[in-house]
Amino acid sequence: MGSLLLHWIYHSRRRESIDSWLNFSPWQTCLQTHKKVNHSTTAIAHPNVALIKYWGKSDRAENIPSTPSISITLSKLETKTTITEADIDTIWINHKKVNDKKILKFISQIREKTAIAAIKINTENNFPTGAGLASSASGFAALTTALNKHFSLGFTQNELSAIARKGSASSARSIFGGIVSLQGPSWEAAIVEQNSSWPLKVIIAKTSSERKKVGSSQGMELTRRTSPYYEPWIREAKSDFDDCLLAIKEQDFEKLAELSERSCLKMIGTMLSTSPPLIYWNPTTLECIQAIRKMRDAGTAVFFTTDAGPQIKAICTPESAKEVTKSLSSIVGPTNIFGCEIGGNARIV
Ligand code: DP6
């Protein structure tokens with residue numbers, strides 16, 4: 001009966017937005033009849049690296065970015081999240097019990113609309129957590145995907161993207177594989193290019209394992225409030241985004257390199273100009289950037305980007321990967337290099 005009702009709700013309504021659907025009262029009544037099940041559900045999602053950056057929010061309650069963004073979903077690095085029903089909500093990250101307010105808030109936002117049961121969340125990352133490698137992007141994408149399956153919520157990938165966004169806006173992009181965009185007015189991510197059509201490589205150089213001291217949400221708010229460059233940053237974001245979409249369509253590596261480095265450096269400029277200043281880089285970050293610039297000047301197809309952290313992400317063509325890996329290895333050591341390709345969708349395993 002429950003599933004028939006779900007089916008009817010899913011197929012019979014017309015809705016303007018995901019929120020009005022979630023507010024549809026029979027949907028909630030139906031979900032309240034959910035019976036505790038003993039099995040667990042596991043999902044995997046990959047982090048992503050933004051070429052055109054999201055930095056700043058226009059609506060903090062809904063977590064709506066003030067800039068559109070474009071990213072590459074990364075293969076090999078992954079977050080694996082298992083949910084099991086429990087008596088109270090508990091969160092384990094990399095075998096440690098944690099009191100993660102962001103995740104708890106996200107679950108309570110979903111619960112306001114869907115009456116999901118109490119859960120134990122068990123998350124493992126095969127890469128450093130909270131050090132600027134987008135663990136929150138893959139984390140919320142995996143959690144949203146697992147919840148959708150476990151509680152038979154029936155959301156589409158697009159809807160999952162909008163839901164994941166509320167946890168962390170970059171995670172809206174990690175629902176999809178390939179090259180992915182996130183823009184208004186829907187603020188659901190969309191695939192720009194499937195993985196196979198432009199086989200770019202991403203070589204990550206880990207320059208530090210420290211957890212960042214100022215998280216992205218807090219850093220963005222500080223930037224919005226205090227940086228004199230915040231307003232011009234927002235003003236130019238849309239044209240950078242449009243130009244980047246064109247560069248991807250035309251597979252113009254040079255143009256992509258120029259636009260991506262510029263978006264990164266403009267974002268870093270807003271961070272440096274906050275009060276107090278936000279300095280996420282370390283001397284090794286800069287050393288890697290200089291090495292990448294030198295290679296590009298000599299004709300190697302490579303460019304850099306960084307996020308709210310000190311790690312370097314070098315984007316290159318398959319032909320350049322060996323040289324880039326060698327050069328960055330000589331700076332950070334081979335054990336701190338992660339070679340990625342373009343990764344796939346968040347999925348149930
Ligand atoms: C620098 O998605 O982590 O990586 O939405 O507040 O959770 P919240 O922020 P988050 O910010 C990512 C910022 C960035 C750039 C990007 O990924 O676009």
Side-chain angles (χ1 to χ4, degrees), residues 45-74 77 79 100-106 109 125 127-144 161-176 179-184 187-189 192 202 204 211-212 214-224 227 230 233-234 237-238 240-241 244 259-272 274 278-281 285 304-313 315:
H46 302 285
N48 64 76
V49 55
L51 304 178
I52 297 297
K53 304 292 185 184
Y54 144 57
W55 191 253
K57 299 172 200 279
S58 65
D59 179 337
R60 281 162 74 204
E62 291 297 311
N63 207 28
I64 295 185
S66 28
T67 60
S69 55
I70 300 177
S71 60
I72 298 184
T73 301
L74 303 174
L77 307 190
T79 296
D100 189 312
K101 296 208 172 62
K102 221 171 164 179
I103 299 177
L104 289 170
K105 184 176 158 209
F106 178 68
Q109 278 177 327
N125 295 322
F127 59 95
T129 304
L133 285 180
S135 55
S136 71
S138 48
F140 281 105
L143 177 59
T144 310
S161 173
I163 294 169
R165 193 203 69 234
K166 296 197 181 200
S168 194
S170 54
S171 76
R173 301 184 311 236
S174 272
I175 292 290
F176 296 106
I179 303 181
V180 180
S181 67
L182 178 63
Q183 65 173 319
W187 296 105
E188 299 169 355
V192 177
V202 180
I204 297 173
R211 275 190 85 94
K212 59 187 166 199
V214 182
S216 295
S217 307
Q218 203 189 335
M220 286 181 207
E221 182 54 9
L222 185 68
T223 309
R224 186 187 66 80
S227 170
Y230 185 68
W233 156 251
I234 303 295
K238 180 71 169 81
D240 289 345
F241 173 86
C244 188
L259 288 163
S260 302
E261 288 190 353
R262 202 160 143 66
S263 174
C264 168
L265 292 172
K266 279 198 269 186
M267 176 188 75
I268 297 290
T270 69
M271 293 167 169
L272 292 175
T274 61
L278 274 175
I279 305 177
Y280 287 111
W281 288 2
T285 314
F304 70 86
T305 191
T306 72
D307 289 297
Q311 325 303 3
I312 284 287
K313 290 109 185 197
I315 294 91

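Just follow the structure's listing: the first ligand is 1, and inside any ligand the first atom is 1. By convention here, the first residue in the shown sequence is residue 1. From a predicted model like this one, the values you see are computed outputs, not experimental measurements.
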Identified side chain to side chain donor-acceptor pair (under 3.5 Å) counterpart of N63 within the set K166, R165, K57: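 For N63, the side chain to side chain donor-acceptor pair (under 3.5 Å) test succeeds with only one of K166, R165, K57, which is K57.
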Donor + acceptor pair across side chains of N48, T73 (<3.5 Å):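 Judged by distance alone, the side chains do not pair up.
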Nearest non-hydrogen protein atom, atom 4 (O) of ligand 1: D307 OD1, 3.4 Å
Closest approach of any protein heavy atom to atom 15 (C) of ligand 1, naming residue and atom: Y54 O, 3.3 Å
Can you name the nearest heavy-atom pair linking [X] to [Y], along with the distance?
{"X": "S135", "Y": "N125", "answer": "CB-ND2, 3.8 Å"}
{"X": "S58", "Y": "P65", "answer": "OG-O, 3.6 Å"}
{"X": "F127", "Y": "S138", "answer": "CZ-OG, 3.6 Å"}

Ligand 1 contact by R165, heavy-atom criterion under 4.0 angstrom: no
Contact check, A137 vs ligand 1, heavy-atom distance below 4.0 Å: no
Give the atoms of ligand 1, by number and element, whose distance to some non-hydrogen atom of [X] is under 4.0 Å.
{"X": "S170", "answer": "2 (O), 3 (O), 10 (P), 17 (O)"}
{"X": "S136", "answer": "3 (O)"}
{"X": "N63", "answer": "5 (O)"}
{"X": "S217", "answer": "6 (O), 7 (O), 8 (P)"}
{"X": "S216", "answer": "3 (O), 9 (O), 10 (P), 11 (O)"}
{"X": "A308", "answer": "1 (C)"}

Side-chain (T270) to main-chain (T223) donor-acceptor, under 3.5 angstrom: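 Not at all, since once roles are kept as given, no pair shorter than 3.5 Å links the two residues.
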Under 3.5 Å: donor-acceptor pair, side chain of T305, backbone of C264: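 Flag not set: sc T305 to bb C264 has no pair under 3.5 Å.
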Option of least heavy-atom distance to atom 17 (O) of ligand 1 (set: M220, E221, Q218, R173):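 Ranked by closest heavy atom to atom 17 (O) of ligand 1, first place is R173.
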Heavy-atom nearest option to atom 3 (O) of ligand 1, drawn from A50, S168, G309: S168
Below 3.5 Å, N or O to N or O, backbone or side chain included: is there any such pair between [X] and ligand 1?
{"X": "K102", "value": "yes"}
{"X": "M271", "value": "no"}
{"X": "K57", "value": "yes"}
{"X": "K53", "value": "no"}
{"X": "W55", "value": "no"}

Identified side chain to side chain contact (heavy atoms under 4.5 Å, CB included) partner of W55 from the options M220, K266, R224: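 Answer to the side chain to side chain contact (heavy atoms under 4.5 Å, CB included) test with W55 among M220, K266, R224: M220.
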Residue among I315, L259, D240 satisfying side chain to side chain contact (heavy atoms under 4.5 Å, CB included) with L51: I315
Flag side-chain contact, heavy atom, 4.5 Å: L222 against V214: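 Sidechains of V214 and L222: no contact.
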Listed partners of F106 passing ring-ring contact (aromatic ring centres under 6.0 Å, His included), at least two apart: F140
